[in-house]
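These notes concern the structure reproduced below.
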Amino acid sequence: MTIALSTVIIYAKDMHRSARFYSENFGYETSGEISEGLIELRPIAGGAEILIHQAAKSLRLGSAAIKMSFAVTDVQKFVAAAKATGVVFGAIHQANGYAFANTKDPDGNSVSVSSRKFRD
């Protein structure tokens, strides 16, 4: 049996704002249409799709133990391009042959970009 991560569901206070964040900054396509209570985002370059779900008013966002990490070949270049669109990342960290940087989405969820997948 083959198992692969196919979908990440993100709970958001403003579904359209979150859909724009991921489509404009991380290479996802979406119609922005809410269907069956979800906005579907499809990855342009492959990978898991994202479904944006309306968060319950009682849900405390940004405190979940999850971080989405997007693979990029050049973290410094990606972070600079993101800054030009208003997405601010923290410091770029160097690890064992790769780099990564962290930010938050509009609902406070942790998001990173990492070149780990492309390390030597």
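We use all heavy atoms of the structure for the numbers below, so side chains are in, but hydrogens, waters and symmetry mates are not.
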Item to check | Pairs touching residues 75-101 that satisfy side chain to side chain donor-acceptor pair (under 3.5 Å), sequence neighbours left out | outcome: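 Those involving residues 75-101 are Asn25-Thr85.
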
Checklist entry - Can you name the ring pair (Phe, Tyr, Trp, His ring centres under 6.0 Å) partners of Phe89, sequence neighbours left out? => result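 Result, ring pair (Phe, Tyr, Trp, His ring centres under 6.0 Å) vs Phe89: none returned.
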
Ignoring hydrogens and angles, tell me if any N or O in the side chain of [X] forms a donor-acceptor pair with the backbone of [Y] under 3.5 Å.
X: Glu49; Y: Val8; value: no
X: Ser115; Y: Asp74; value: no
X: Thr30; Y: Glu40; value: yes

Item to check | Residue pairs involving residues 11-36 (criterion salt bridge (charged side-chain N to carboxylate O under 4.0 Å, His left out); sequence neighbours excluded) | outcome: Arg17-Asp107

Just how far is it from atom [atom1] of [X] to atom [atom2] of [Y], taken to the nearest 0.5 Å?
X: Ile34; Y: His53; atom1: CD1; atom2: NE2; value: 10.5 Å
X: Ile92; Y: Asn102; atom1: CD1; atom2: CG; value: 11.0 Å
X: Asn109; Y: Tyr22; atom1: CG; atom2: OH; value: 5.5 Å
X: Phe70; Y: Thr103; atom1: CZ; atom2: OG1; value: 11.5 Å

Checklist entry - Can you tell which of Leu41, Ile9, Ile39, Ile10 makes a side-chain contact (heavy atoms from CB on, under 4.5 Å) with Leu51? => result Ile9

Next on the checklist: What I'd like to find out is whether the side chain of Met68 reaches to under 4.5 Å of the side chain of Ser110, using heavy atoms alone.
Outcome noted: no

Item to check | Linked, directly or transitively: Phe26 and Phe100 (ILVMFWY side chains, under 4.5 Å) | outcome: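 Not linked; separate clusters.
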
Looking at [X] and [Y], what are the two nearest heavy atoms and their distance?
X: Gly32; Y: His16; result: O-NE2, 3.0 Å
X: Ser18; Y: Ala12; result: OG-CB, 3.3 Å
X: Ala71; Y: Lys117; result: CB-CD, 3.9 Å

